[in-house]
Amino acid sequence: MFTKFKEDFITCFITKGRYKYIVKGLGNTLKIAFSAVILGVILGSIVAIIRSTYDKNYEAMRPGLGKALLKIANTICQIYLTVIRGTPVMIQIMIMFFVIFSTARNGVPVAILTFGINSGAYVAEIIRGGLMSLDPGQAEAGRSLGLGYI
């Protein structure tokens, strides 16, 4: 029985060259994962900065265009976080591939975009949690040492 399995394995994977599918799939997986992480960190950082700026500074801001734009940006970020974090990633992939990019022939860029948007929502909340946990006294101590806000 084991010899039959060995012969079938050699025939299918080595002789017919089907191992190339696994190697190609691994390459696509690494490409999607690496690109999605980079996109997620960039998108998440932007959303986290908008949300934490709104939470810390909105009440103290003077009325005007900047305050209105910050409120609009914060509302968009809240909707983005609620929808993306509340939807399963499989549904997001299906919506992106079959509805939004229905004419796409290559699924790799669609997967990169979808996973990047998904990870961006989670990264945003992680970064925002870290920014909001900073005590005002710790920020003052850092400024007294010559450190800037960033």
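Only a predicted model underlies this, so the values are computations on that prediction, with no experimental measurement involved.
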Out of curiosity, does [Y] fall in the hydrophobic cluster containing [X] (side-chain heavy atoms, cut-off under 4.5 Å, transitive links)?
| X | Y | value |
| --- | --- | --- |
| I22 | F9 | yes |
| F97 | M94 | yes |
| I91 | M96 | yes |
| F98 | I100 | yes |
| F115 | I95 | no |

Shortest non-hydrogen contact from [X] to [Y]?
| X | Y | result |
| --- | --- | --- |
| A121 | R85 | CB-CG, 3.8 Å |
| S119 | G40 | OG-CA, 3.3 Å |
| A124 | A48 | O-CB, 3.4 Å |
| T11 | T15 | O-CB, 3.4 Å |
| S45 | I127 | OG-CD1, 3.5 Å |
| Y19 | F13 | CD2-O, 3.0 Å |

Report yes if some heavy atom in the side chain of [X] is under 4.5 Å from a heavy atom in the side chain of [Y]; otherwise report no.
| X | Y | result |
| --- | --- | --- |
| I84 | Y122 | no |
| F101 | L113 | yes |
| V123 | L43 | no |
| V89 | Q92 | yes |

Worksheet item: Among N118, V110, I112, I117, which one satisfies side-chain contact (heavy atoms from CB on, under 4.5 Å) with T114?
Response: V110

Worksheet item: Only one of D55, I50, I49 forms a side-chain contact (heavy atoms from CB on, under 4.5 Å) with T53, so which one is it?
Response: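 In the set D55, I50, I49, the residue that makes a side-chain contact (heavy atoms from CB on, under 4.5 Å) with T53 is I49.
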
Is a side-chain N or O of [X] found less than 3.5 angstrom from the main chain of [Y], in a donor-acceptor match?
| X | Y | result |
| --- | --- | --- |
| K31 | V108 | no |
| Y54 | L70 | no |
| S133 | G130 | yes |

Worksheet item: About how many Å separate OG1 of T75 and CZ of R51, when rounded to the nearest 0.5 Å?
Response: 9.5 Å

Item to complete: Please indicate whether E59 has more than 12 foreign heavy atoms, meaning atoms of other residues, nucleotides or ligands, lying under 6.0 Å from its CD.
Response: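 Atom CD in E59 is not crowded, with 12 or fewer foreign heavy atoms closer than 6.0 Å.
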
Fill in: With sequence neighbours excluded, residues passing ring-ring contact (aromatic ring centres under 6.0 Å, His included) with F34
none

Worksheet item: Do R128 and E125 meet the salt-bridge criterion of a basic N to acidic O distance under 4.0 Å?
Response: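 Looking at R128 together with E125, the answer is yes, because their closest N to O distance falls below 4.0 Å.
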
